[in-house]
Amino acid sequence: MAATLLLHNFNSPRIVSLNHFEPPKTNPFAVTRPRFSKPNQLQITHSKASNILAEPTHFTLIDALCSFIDSGSIENALYLFEEMNHSDTFTWNIIIKGLAHKGLFKEAVSYFRRMEFEGARPDKFTYPFVLKACSGLLSLKEGEKVHAKLIKVGLDLDVYVCNSLISMYMKVGCVELGENVFKEMPVRDLVSWNSIISGYQFIGDGLSSLVCLREMVLIGIRPDKFSFISGLGACSIEGCQRNGKEIHCQVIKNGFEMDFMVETSLIDMYGKCGNAVYAERVFDMIVNKNTVAWNAMVAGYVSNACFSESFSCVKKMQEVGKLRPDGITMINLLPACAQMGALLMGKSIHASAIRKGFLPHIVLETALVDFYGRCGTLKLAKHVFMRISEKNLASWNAMIAAYVQNGQYSEALDMFQDIWYKSVKPDAITFASILPAYAELTSLSEGRQIHAVITKLGLTSSNTIISNTIIYLYAKCGDLQTARRCFDGMFCKDVVSWNTIIMAYAIHGFGRISIQLFHEMIEHGIKPNKSSFVSLLSSCSISGMVDEGWEYFNSMKRDYGIDPGIEHFGCMLDLIGRTGNLDLAKRFIEEMPLVPTARIWGSLLAASRKANDIELAEVAAKHALSLEHDNTGCYILLSNMYAEAGRWEDVEKIKTLMIQEGLAKTMGCSTVETDYKIHRFVDQDRSNAQMNMVNDVMGIISKMTADKEDAYAHRITKLKRTDLTRKRPNLPENHSVRWAISFGLISTELGSPVLVRKNIRICEDCHNVAKKISKITKREIIVGDSKVFHHFQDGNCFCGDYW
DNA sequence: AAATTATGAA
């Protein structure tokens, strides 16, 4: 007993010499060895086992061990193994193979260690099994240890061993190490090529995979079904149907079209490349369709937006195919439900997953989080997410995206901060999901920080989605120059990149540049899409380019075949509202072929406010309020109009309504950044530490503007005398944006613009004040509110006083 | 005596 105890300790990798011997608290083999009790079936069910019991020679035992492994009864095999003499390499190989094949990777590696320790010599047959286990564990550490040992014993040139090494390195994500093994091996066979081809495909580098496949064929190696399966997977990644069809031809030519895995890969490839018809054609040819094939077809329909087909396919799967949908079927259907906005359908899938016992299932749960997030049911997304016991990166990503999609930016940012303390490392998808939250909420310096992190990870140049969001981030943080620099530095700009930069100039009021960029985009051969026109028309409306706006609106359908959507009508309504032509605005809504949304009525409301038409404002507000959404802005706007008109009873009424609906006025908040600090000012709240300094600056400014007509005084004369005695809440004097500008003036460098970010729209009084300040101080002031950036220069604002 | 590469998934 003492001897075995010592042996176990000795095997522990932490103990180097007996001098440091320490009795372990747990037996290192407790997990793998003694747990297996004698299985009942051993004597009765297996004839070979009964043979052993009659006359157990070593060879019959090995024979029995092999049959246990082959039939998958690993428990029997392990029990037998512990009972027999296992000093020879072969016996160990069998048991390690069995463990690795069963997916018991941890155990396989641990048996390998024990094998070495107990003095059996691993040979060229052992290592492929061990390496398979290492790749299954996704453990580079274990894999490298094995590799080191291989070199030591001189087995690192064996083709089988090298092939396993390539596959292991690729699977754990060490592409370069895998490539090195491939390059340096003396002889490469078909499996070596297949391993590197499937390795590239596994890590998502479809292009390299296809290049290797081509090279292999060029040097005269005939591809087999493994090559084709990986190659088709690579085409799916790249969305490259041309290459996919080429491989399909080769598949037929080489007689692999009846292989069910090849067929499934073909369905997948056509589905992902946007050709549902071809996918269907391949699918129909399969005689005995298995669940995987059905699922691939369902996925094909979903990714091609054939939602009803995807559901009827699942129905047929059950009725014709006599197969039950599994978790993956559900994972495939959920995005369809999300895109159709079919909340109930998704919920019933969720319920069915629970009933059928598919949960917990990390991928399915992640798909549910994603689904609920996209349907706007953030509560349910959170509910599912909280119940995931071992969250992985994808599930974190899904939850962050759900927060961002539902406008819960600060929750998303909190969760993103938390991730850094978990064992998972954020990836490109994490950053792509979180960046919009940065764009909405954070300061320029925080934006720069996250950009630096992303650049350091090497994601900026390789990932177009991330680069596009970075452009948006800088634009939203007020740094248009850097946004432009990022855009100019992009290697492959897609239509989103162009749309983003056009929108960036739009929100900063540089309409001419937006238009110029739109034409540059077309010259570069990029076809504008719906969003391009949203950017362009927004720009025309923000910059007050009425004629141009109409021209582009008309050319959408005429020259580009794009039907104007509700967003485009919204932009046009803003444009009309700007001209003050309320009749036209009303007519425009009436003649619109689409049902007006809350955004449309909100636009009319804004126009009515500018034209001071309180009746129309009421009509617009009534419509907007009937279409449930966050009505805070709507109420505040109307309330302000009533206040100006002196209709205090109506102001009170709105106040009551808001309380009833549980809405609270969003507190105005403005931030200004100095070198290392973000200074936050809140409306009415004079508790900021810098308030004394701000008061001094405000005093100087009001003295300098005293001889001129004061904006607020001017406004107040419009009110009736009696109303002046009323205490008007939230006086513009107490608006945070003025304080932030004043503080910015003295705490930032002369000559540089003062950059202020504000969470809600700037009011007219503050807008006037900012214009004046820019004139008397000769400094550029940039105020980014929730919609646009106001560039105040020499007493004017780019927005032309309409926003 | 025995080995390596593999289809559907967020």
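Below, read A as the first sequence line, B as the second, and so on, with proteins coming before strands; counting in each chain starts at 1.
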Please work out if [X] contacts a base, only the sugar-phosphate, or nothing of the nucleic acid, heavy-atom cut-off 4.0 Å.
{"X": "Thr329(A)", "result": "nothing"}
{"X": "Lys132(A)", "result": "sugar-phosphate"}
{"X": "Asp123(A)", "result": "base"}
{"X": "His101(A)", "result": "sugar-phosphate"}
{"X": "Lys272(A)", "result": "sugar-phosphate"}
{"X": "Asn93(A)", "result": "base"}
{"X": "Asn397(A)", "result": "nothing"}

With a 3.5 Å cut-off and just heavy-atom distances, do the side chain of Thr264(A) and the base of dT7(B) make a donor-acceptor pair?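 In this structure, the two groups form a donor-acceptor pair.
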Base dG8(B) paired with Asp326(A) side chain (donor-acceptor, <3.5 Å):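 Such a pair is found, so the answer is yes.
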Within a 6.0 Å radius of atom CD on Glu390(A), are there more than 12 heavy atoms belonging to other residues, nucleotides or ligands?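 Not more than 12 within 6.0 Å, no.
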Near-parallel close stack of Phe226(A) and dT5(B) base (under 5.5 Å, under 30°):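 Yes.
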Can Tyr160(A) be called stacked on dA3(B) when the rule is centres closer than 5.5 Å and an angle between planes below 30°? yes
Output the single nucleotide from [options] whose closest atom is nearest the side chain of [X].
{"X": "Lys124(A)", "options": "dT5(B), dA3(B), dG8(B)", "answer": "dA3(B)"}
{"X": "Val191(A)", "options": "dT5(B), dA10(B), dG8(B)", "answer": "dT5(B)"}
{"X": "Met261(A)", "options": "dT7(B), dA3(B), dA9(B)", "answer": "dT7(B)"}
{"X": "Phe90(A)", "options": "dA2(B), dA9(B), dT5(B)", "answer": "dA2(B)"}

State whether Ser230(A) places a side-chain N or O below 4.0 Å from either non-bridging phosphate oxygen (OP1 or OP2) of dA6(B). no
Can you find a side chain N or O atom of Lys171(A) that sits less than 4.0 Å from OP1 or OP2 on dA6(B)?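 Yes, such a contact exists.
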Counterpart residues, ring-ring contact (aromatic ring centres under 6.0 Å, His included), relative to Phe112(A) (two or more places apart): Tyr127(A)
Are the charged groups of [X] and [Y] less than 4.0 angstrom apart, N to O?
{"X": "Glu107(A)", "Y": "Lys102(A)", "result": "no"}
{"X": "Lys422(A)", "Y": "Asp418(A)", "result": "no"}
{"X": "Glu82(A)", "Y": "Arg114(A)", "result": "yes"}
{"X": "Glu116(A)", "Y": "Arg113(A)", "result": "no"}

Can you tell me the distance, in whole Å, between the [atom1] atom of [X] and the [atom2] atom of [N]?
{"X": "Asn288(A)", "N": "dT7(B)", "atom1": "CG", "atom2": "C1'", "value": "16 Å"}
{"X": "Asn392(A)", "N": "dA9(B)", "atom1": "CG", "atom2": "C1'", "value": "12 Å"}
{"X": "Ile166(A)", "N": "dT5(B)", "atom1": "CD1", "atom2": "C1'", "value": "10 Å"}
{"X": "Asp189(A)", "N": "dT4(B)", "atom1": "CG", "atom2": "C1'", "value": "8 Å"}
{"X": "Phe182(A)", "N": "dT4(B)", "atom1": "CZ", "atom2": "C1'", "value": "14 Å"}
{"X": "Leu213(A)", "N": "dT5(B)", "atom1": "CG", "atom2": "P", "value": "18 Å"}
{"X": "Tyr127(A)", "N": "dT5(B)", "atom1": "OH", "atom2": "C1'", "value": "21 Å"}
{"X": "Met185(A)", "N": "dT5(B)", "atom1": "CE", "atom2": "P", "value": "13 Å"}

